[in-house]
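Fair warning: this is a prediction, and the values are worked out from it, not measured in the lab.
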Amino acid sequence: MIQDPEIVKPSTLTSSYLLTGKTMIPSFLKHTSLICQFELKRFFATRKGLLYMITFAFIWYLILFYPIRFSSDFLGQQQNTPEGNSFFQFIGFGSLLNWRIPELGVYWHFSLVIFPLLTVVTSADQTCSDRNRGTLRFVCLRVSRGSLFFGRFSGIMLTQAILILASLLSTVALIAFRDTTLLPVAFNSASAIFLSLVIALLPFTAMMAALSATVQSARQATSWAILIWTFLAWIISIFSAYLPALNSLKLLIPGYQISNLSQLAEWQTLQLAYIPLLQTIILLSIGRWIIHRQSL
């Protein structure tokens with residue numbers, strides 16, 4: 001019987017690593033990187049991914065050329081008004097006046113709402129559909145479950161980072177069209193926004209990775225994500241009214257810090273970066289535990 005040279009038994013693989021004195025970390029990182037690259041290709045080279053990009057480009061075009069484009073003159077006038085008399089302070093958006101470039105301030109507020117929602121939708125199907133079809137078990141014959149889990153998480157995060165970068169560059173181009181002398185300030189503020197947004201999206205992607213490893217479809221994962229946002233926040237709010245110490249449990253809800261982030265500007269937005277990073281570590285640990293014990 002001829003054995004396929006590409007198929008290596010786990011015992012053989014383990015013994016070879018022990019004999020050579022190597023660890024399995026390089027193999028884990030290599031497989032994770034390959035799965036991450038495959039996720040990028042699947043998003044940017046498939047019909048479903050192209051449809052999503054066209055929809056995103058159309059929505060972003062409307063946001064860019066209407067609220068962001070026409071915000072510069074109006075916000076510039078409001079910045080010259082006495083403190084406390086601004087229209088934006090009256091409606092609760094006084095933090096827009098803290099941005100040196102109005103377009104980026106409006107971009108920041110829109111992106112804090114749009115990108116988390118898009119992340120929940122696009123990252124809901126990380127492993128559930130493959131597991132439901134039975135293809136996940138064949139993938140796990142070549143790579144470990146951990147490599148698959150973290151590889152797909154990394155691929156989705158890279159995809160979101162590319163979309164954020166593209167939208168930011170289009171906003172910076174709009175600023176340069178208005179005044180080229182603002183480019184140094186624009187790139188500095190855009191760098192802060194990019195880093196803050198990527199960090200803010202980490203727990204959302206990690207939450208969907210954990211849910212996708214649990215449920216049977218992307219629709220169920222999205223429904224559970226909405227329940228986590230609403231029901232869990234409601235329960236914690238009720239119990240914290242009687243026991244204020246329980247109010248700290250809100251830190252476990254992805255996006256808890258977004259309302260506070262909207263009040264910060266430029267590099268100040270990184271002051272709350274520890275919250276999404278802590279949430280991401282917890283959620284990824286839960287997701288890894290689930291996928292290692294879930295039947296394929």
Side-chain angles (χ1 to χ4, degrees), residues 37 39-41 43-80 86-88 93-123 154-202 204-205 258 261-270 273 276:
Q37 295 175 25
E39 286 297 309
L40 290 175
K41 293 179 181 179
F43 183 83
F44 291 103
T46 61
R47 183 181 302 176
K48 183 178 179 180
L50 291 175
L51 180 61
Y52 173 80
M53 285 191 294
I54 293 173
T55 304
F56 174 82
F58 176 74
I59 294 174
W60 188 251
Y61 173 84
L62 296 178
I63 296 174
L64 183 65
F65 283 93
Y66 289 97
I68 294 181
R69 181 183 179 186
F70 293 110
S71 64
S72 57
D73 295 334
F74 189 50
L75 282 172
Q77 296 173 2
Q78 293 293 316
Q79 287 176 341
N80 297 324
S86 172
F87 169 76
F88 287 97
F93 287 91
S95 59
L96 285 171
L97 303 177
N98 298 329
W99 291 82
R100 290 177 290 177
I101 300 180
E103 291 91 338
L104 291 177
V106 178
Y107 173 94
W108 174 244
H109 280 73
F110 270 98
S111 60
L112 286 177
V113 177
I114 293 176
F115 280 107
L117 294 176
L118 291 178
T119 300
V120 169
V121 174
T122 56
S123 62
S154 302
I156 291 174
M157 280 307 306
L158 279 178
T159 301
Q160 298 300 325
I162 292 172
L163 294 178
I164 293 172
L165 183 61
S167 61
L168 267 174
L169 290 178
S170 63
T171 306
V172 171
L174 187 66
I175 296 170
F177 181 78
R178 178 170 66 89
D179 188 354
T180 55
T181 60
L182 296 175
L183 278 179
V185 179
F187 278 114
N188 180 66
S189 300
S191 300
I193 292 176
F194 175 79
L195 186 58
S196 299
L197 273 181
V198 171
I199 294 176
L201 294 182
L202 284 172
F204 291 96
T205 310
I258 284 182
L261 275 178
S262 62
Q263 304 301 317
L264 302 177
E266 299 180 356
W267 290 102
Q268 296 176 353
T269 55
L270 291 176

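A 4.5 Å side-chain heavy-atom check between I156 and F43 finds every atom pair outside the cut-off. Between I193 and T269, the closest side-chain pair of non-hydrogen atoms is not below 4.5 Å. Considering only heavy atoms from C-beta on, T159 stays 4.5 Å or farther from E39 through its side chain. Considering only heavy atoms from C-beta on, H109 stays 4.5 Å or farther from L104 through its side chain. Annotation: side chain of I258 is in contact with side chain of P116 (closest heavy-atom distance under 4.5 Å). Taking the side chain as every heavy atom from C-beta outward, L197 and Y107 approach each other to under 4.5 Å. Put simply, the side chain of F204 does not reach to within 4.5 Å of the side chain of S123, judged on heavy atoms.
There is a side-chain donor-acceptor pair under 3.5 Å between Q160 and T122.
Taken from CD1 in I164 to CG in L195, the straight-line distance is 10.0 Å, to the nearest 0.5 Å. Residue L201 holds its CG atom at 9.0 Å from CG of L112, rounded to the nearest 0.5 Å. Note: I175 CD1 to L182 CG = 7.5 Å, rounded to the nearest 0.5 Å.
A distance-only check finds a donor-acceptor pair linking the side chain of S111 to the backbone of W108 [under 3.5 Å]. Side-chain atoms of T180 do not come within 3.5 Å of backbone N or O of A176 as any donor-acceptor pair. No donor-acceptor pair under 3.5 Å is formed between the side chain of W99 and the backbone N or O of S189. Judged by distance alone, the side chain of S167 and the main-chain N or O of L163 form a donor-acceptor pair under 3.5 Å.
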Would you give me the side-chain donor-acceptor pairs under 3.5 Å for residues 48-65, sequence neighbours excluded?
{"from": "T55", "atom 1": "OG1", "to": "L51", "atom 2": "O", "distance (Å)": "2.9"}
{"from": "W60", "atom 1": "NE1", "to": "S170", "atom 2": "OG", "distance (Å)": "3.0"}

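Heavy atoms only, all atoms of each residue included: A190 and V172 are closest at CB-CG2, 4.0 Å. What you find for V198 and M157 is that their closest heavy atoms are O-CE, 3.6 Å. Here the shortest heavy-atom pairing between P276 and A200 reads CB-CA, 4.3 Å.
Partners of E266 under the salt bridge (charged side-chain N to carboxylate O under 4.0 Å, His left out) rule, at least two apart in sequence or in another chain, are R100. Considering only residues two or more places apart in sequence or on other chains, V113 meets the side chain to side chain contact (heavy atoms under 4.5 Å, CB included) condition with L117.
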>> Walk me through whether L270 and I199 qualify under side-chain contact (heavy atoms from CB on, under 4.5 Å).
In response: CA-CA 9 Å; L270 291 176; I199 294 176; 4.1 Å; yes
